[in-house]
Structures are given as structure tokens and as C-alpha cells.
Number of protein chains: 2
Amino acid sequence: VVRARDLTKIYDTGAVSVHALKAVDLDIQTGEFCAVVGPSGSGKSTLMHLIGCLDSPTSGQYWIDGTEVATLDDDALSAIRNHHIGFIFQSFNLIAQLDLVANVELPLIYANQHKNQRRHLALSLLEKVGLADRSHHRPNQLSGGQMQRVAIARALVNDPSLILADEPTGNLDSKTSTEIMELLTNLHAEGKTLVIVTHDPRVAGQAERVIHMGDGVIQWEGTGREY
Amino acid sequence: VVRARDLTKIYDTGAVSVHALKAVDLDIQTGEFCAVVGPSGSGKSTLMHLIGCLDSPTSGQYWIDGTEVATLDDDALSAIRNHHIGFIFQSFNLIAQLDLVANVELPLIYANQHKNQRRHLALSLLEKVGLADRSHHRPNQLSGGQMQRVAIARALVNDPSLILADEPTGNLDSKTSTEIMELLTNLHAEGKTLVIVTHDPRVAGQAERVIHMGDGVIQWEGTGREY
Ligand SMILES: Nc1ncnc2c1ncn2[C@@H]1O[C@H](COP(=O)(O)OP(=O)(O)OP(=O)(O)O)[C@@H](O)[C@H]1O
Ligand SMILES: Nc1ncnc2c1ncn2[C@@H]1O[C@H](COP(=O)(O)OP(=O)(O)OP(=O)(O)O)[C@@H](O)[C@H]1O
Ligand SMILES: [Mg+2]
Ligand SMILES: [Mg+2]
């Protein structure tokens with residue numbers, strides 16, 4: 001699914017350059033379950049944004065499903081994001097002016113899905129994450145963990161083949177974390193490719209493969225059995 | 001420090017009322033270290049906001065340092081917040097248009113602190129949380145865990161006697177979590193009162209007292225030794 005060679009990302013912010021990724025090579029096969037761990041600031045979210053085609057690398061090459069991403073125009077990139085990739089952001093990225101149903105159905109609008117079917121799918125996912133009774137609320141009327149669950153529902157609504165989850169359980173209590181991880185591991189069992197950034201050893205412990213990042217590089221790889 | 005009787009909070013949002021807190025009684029003594037745990041949506045952040053005078057209860061009574069909060073005018077409330085309470089928000093609440101130093105020094109501006117001293121204090125706290133080299137960056141140029149650390153620095157800059165921390169380690173890796181917890185427990189050892197909402201058993205395990213919330217009430221209390 002994902003093939004990256006020499007991915008580098010430098011944020012150039014005036015006086016200080018931040019070298020967030022340093023010539024990273026990464027291969028992720030279809031159907032794999034990877035966790036990505038590492039210290040705060042080590043480049044995990046940056047890597048996830050590049051894999052998810054939400055940002056461009058400063059240099060390096062990246063292929064998704066055999067196509068080099070640099071050769072794709074904006075429409076083709078949007079199509080990949082909206083049809084194939086579900087992204088659970090670390091900061092949720094919910095839209096404050098929309099209610100929960102509208103937030104969850106948003107990827108389907110971009111995919112030109114029919115309105116009734118969009119709403120039905122969005123509501124069924126809100127039910128799966130335990131928030132159907134709040135569907136007409138807005139994000140600022142929710143707790144931290146509740147917002148996270150809406151973000152998860154939205155990431156899954158377009159039935160993506162690649163799920164990128166950046167700290168999906170960080171704001172959740174143990175029981176809700178377990179429920180969300182069951183949801184995600186069931187999707188992996190159905191054949192989805194799953195990449196999860198996590199600080200939680202219990203989550204990393206469920207992955208087949210664990211990528212350890214530090215200071216903008218992949219320092220070493222292990223397996224979930226180490227947890 | 002804190003005395004609450006029958007604290008109730010109902011969010012009335014059109015068709016649905018959310019009963020976030022249900023007649024909660026709570027006493028916290030000066031110098032105490034409490035953790036607050038419980039499922040997502042159980043009322044922890046709501047309780048913290050009421051304790052920190054950031055919101056008003058629907059009903060109930062609340063005294064801080066012996067003064068009933070309902071009798072205080074806005075200036076007196078602001079004085080308490082700015083001089084005595086440090087708040088680490090679950091969502092950081094950093095100001096996007098300000099750089100990190102300006103974010104951290106903000107409580108001191110409200111306290112009419114002299115500019116040079118403000119900046120010196122802000123910079124020394126940014127150093128304590130490992131971000132002095134990024135002081136002129138803005139929040140959107142930081143990782144999730146880095147934003148959290150700035151929020152912690154800001155909460156501590158006015159040397160508050162009561163520290164309310166809502167999930168201070170949720171976005172942090174294990175090593176940085178340990179460093180932040182050492183910082184906070186050292187402050188407790190100096191006599192500060194510390195109330196931490198957490199989903200992390202390692203953090204709850206360090207508290208003397210652990211308050212278990214569920215469905216808008218305090219269900220039971222325990223101690224950190226259970227962890
Ligand atoms: N938009 C940006 N502009 C400038 N620097 C940035 C930007 N985004 C991230 N950075 C910097 O790049 C580095 C890597 O950030 P990244 O968000 O990838 O870290 P992370 O591993 O996800 O950390 P965390 O565990 O705290 O979420 C950090 O030093 C961060 O401050
Ligand atoms: N501004 C608001 N308007 C309406 N409802 C709200 C508002 N803030 C919180 N709520 C609701 O009140 C209940 C308690 O929320 P609160 O944020 O206190 O929970 P929490 O225990 O902090 O949860 P989490 O662990 O997810 O952060 C939730 O059902 C939440 O949706
Ligand atoms: Mg991150
Ligand atoms: Mg909360």
C-alpha cells in the first residue's frame with residue numbers, strides 16, 4: 001500500500017528550521033497492523049500526515065498503491081484521501097459549526113454520496129461509538145473523549161482501506177479505549193490496513209509490528225509481543 | 001481550599017438537556033493531592049471548570065478559601081483565577097495568534113506583572129518543560145505533546161496555590177509524562193494543592209486520594225495505593 005524512500009520534512013519557520021523527518025524509508029503492506037511509538041516531537045504526526053497525503057514532503061519519494069504521489073494532481077489526491085484513507089487526527093479536526101452528523105458525513109459529501117445514504121451511514125457509525133443520542137450537538141458541547149469518538153466515526157464512514165489513527169485513545173477511559181480498539185482490530189481482521197500512533201503500551205501490544213521513532217528517524221522496529 | 005455542596009450542572013441545549021453533574025459534594029483540603037478518574041462523559045472536566053471558577057453551577061454552593069463564590073463579583077473572581085489557580089486544560093486553550101512566550105506569560109499580564117519579569121518567568125518555565133528553543137513559535141507549529149507542555153508552563157507561571165490539571169499527560173510519551181509528573185508532585189511537596197483528572201493508572205497511582213466519577217456523580221473514593 002505505502003512505499004516511502006528518503007522522506008524528509010523540514011518546517012522552515014523563520015529563524016529556526018525544524019527537521020521533523022530525516023530521510024525515512026517505510027513500507028507498509030496491505031492488511032498490515034502497525035503501531036508507531038516514540039517521544040513527543042519525534043515526527044509521528046508528521047509521518048502520518050505524509051502517508052495520508054495531507055502534506056508534502058520537503059524531499060523524498062512516496063508511492064501509494066504503486067502510484068507515485070508527486071505525479072498526482074489535486075483531484076486525484078483528493079480522490080485517494082476521500083475513498084481510501086480514513087484519518088483520525090490527534091486534535092480531532094471537527095468542524096465547530098456543524099453538528100455531529102454533518103461532521104461524520106463530510107467525507108461522503110466529497111465522495112458525492114446520496115444524502116439519505118450519507119446520513120444513514122453517519123448515524124449508524126455515531127451509534128457504534130455510542131453517541132447517536134447527541135447527533136444534533138456540536139463539537140463544543142462534547143467532552144474530550146466524546147469528540148475523539150466522533151473523529152473516529154468520521155474516519156470510518158467512507159469505509160477506507162487504509163486507516164491512519166493518530167492517538168485514537170489518548171482521551172478515552174479504559175473501557176471506551178477497549179471498545180474503540182475492538183472496532184479497529186475488527187476492521188483490520190476484515191482486511192483493512194491499520195497504522196496507529198500511540199503512547200499506550202496496551203494499544204501498541206496489539207499491533208503485529210511496532211515502529212519506534214526518535215528525533216525524526218525510525219530508530220528500530222519490533223513487534224507487539226514486546227508489550 | 002474547596003468546599004462544594006450539591007453542585008449540579010445541566011447543559012440545556014435545545015431538545016436535549018445534559019445533566020453533567022448531579023448534586024456533587026466535595027471537600028479538598030489545602031495541600032492535598034487528588035486524582036479524579038472516570039469514564040468519558042462522566043463529568044470530570046465539568047467539575048474541574050466549576051472548581052476553577054471558569055463556569056457557574058446550575059445550582060449548589062461552592063466556597064473557595066472560605067468565601068462563597070456566588071457572592072464574588074467578576075473582578076474578585078478574576079483575581080482568584082489569576083493569582084491562585086493554575087489550570088491545565090484538556091484541550092490546551094492556547095492562543096493561536098501568540099507565540100509560546102506570550103501564551104505562557106498571559107496570566108501575568110492580567111496580574112499586572114512587570115514586562116521583564118513576566119518574560120523571564122515565562123522563559124524559565126518553557127525551559128523547565130523543554131521548549132525554550134521554540135519560544136517564538138506559535139501553537140500550530142508544535143506537536144500535540146509540545147502544546148500540552150506549553151499549557152502546563154502557562155498554568156504554573158503565576159505560582160498558583162491550587163493546580164487543576166485536566167489530563168496533563170494524555171498526549172505525552174512515557175518519559176515526558178514522568179518528567180511532568182515529577183514537576184507537579186514537587187509542587188505538591190512544596191505545599192500546593194493538586195487535583196488531576198487522568199485516565200492513566202500510573203498518574204492516579206501517585207495521588208493520595210482518588211475520586212471515582214460516573215454518570216455525573218462521585219461514585220466512590222479510594223487511594224492511589226490501589227493502583
Ligand atoms: N506546522 C509546523 N511548523 C513547524 N514545526 C512543526 C510543525 N508541525 C510539527 N512541527 C515540529 O516538528 C516536530 C515533529 O512534530 P510531530 O507533530 O510530528 O511530533 P509527534 O511525534 O507527533 O509528537 P507528539 O507525540 O507530541 O504528538 C516537532 O518538533 C514539532 O514542533
Ligand atoms: N458545553 C457543553 N454543552 C453541552 N453539553 C456539554 C458541554 N460540555 C460538556 N457537556 C456534556 O456533559 C457531560 C460531561 O462532560 P465532561 O466534559 O465533564 O466529561 P468528562 O468526564 O471530562 O469526559 P472526557 O473523559 O471524555 O473528557 C458529557 O455528556 C458532555 O457531552
Ligand atoms: Mg503527534
Ligand atoms: Mg474531560
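In what follows, chains carry the letters A, B, and so on, assigned in the order in which the sequence lines appear, proteins first and then strands, with residues in each chain numbered from 1.
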Quiz prompt | Atom group of B:Gln146 that falls short of 4.5 Å from chain A, counting heavy atoms | solution = both
Quiz item: Would one find more than 12 heavy atoms of other residues, nucleotides or ligands at under 6.0 Å from atom NE2 of A:His19?
Solution: yes
Quiz item: Given the options B:Arg138, B:Gln141, B:Gln148, B:Lys175, which has more heavy-atom pairs under 4.5 Å with chain A than any of the others?
Solution: B:Gln141
Quiz prompt | Flag if over 12 foreign heavy atoms under 6.0 Å of CG, B:Asn140 | solution = yes
Quiz item: Within a reach of under 6.0 Å around CG of B:Asn186, are more than 12 heavy atoms found that belong to other residues, nucleotides or ligands?
Solution: yes
Exercise. Of all the heavy-atom pairs spanning B:Asn171 and A:Glu167, show the shortest one and how long it is.
Key: O-OE2, 4.5 Å
Practice problem: With the side chain counted from C-beta on, respond yes when A:Arg134 and B:Val18 share a heavy-atom pair under 4.5 Å apart, and no when they do not. | Solution: yes
Exercise. Measure from the side-chain N and O atoms of B:His199 to the backbone N and O of A:Gly170, and report whether any donor-acceptor pair falls under 3.5 Å.
Key: no
Practice problem: Could you check which of A:Leu172, A:Asp133, A:Thr176 has the highest count of heavy-atom pairs closer than 4.5 Å to chain B? | Solution: A:Leu172
Exercise. Using non-hydrogen atoms and a 4.5 Å limit, figure out which bit of A:His136 sits close to chain B: side chain, backbone, both or neither.
Key: neither
Practice problem: Assess whether side chain to side chain contact (heavy atoms under 4.5 Å, CB included) is satisfied between B:Ser40 and A:Arg149, documenting all intermediate values. | Solution: CA-CA 10 Å; B:Ser40 176; A:Arg149 292 189 268 149; 3.4 Å; yes
Practice problem: Using a cut-off of under 4.5 Å on heavy-atom pairs, state which of A:Gly43, A:Ser177, A:Gly144, A:Ser174 scores highest against chain B. | Solution: A:Gly144
Quiz item: If you draw a 6.0 Å radius around CD in B:Glu127, do more than 12 non-hydrogen atoms from other residues or ligands fall strictly inside?
Solution: no
Practice problem: Give, for atom OG of A:Ser91 and atom CE of B:Met147, the distance between the pair rounded to the nearest 0.5 Å. | Solution: 6.0 Å
Quiz prompt | Contact class of B:Val37 relative to chain A, heavy atoms under 4.5 angstrom | solution = neither
Quiz item: Quick check: are there more than 12 heavy atoms from other residues, nucleotides or ligands sitting under 6.0 Å from NZ of A:Lys128?
Solution: no
Exercise. Would you indicate whether A:Asp215, at its atom CG, is surrounded by more than 12 heavy atoms from other residues, nucleotides or ligands within a distance under 6.0 Å?
Key: no
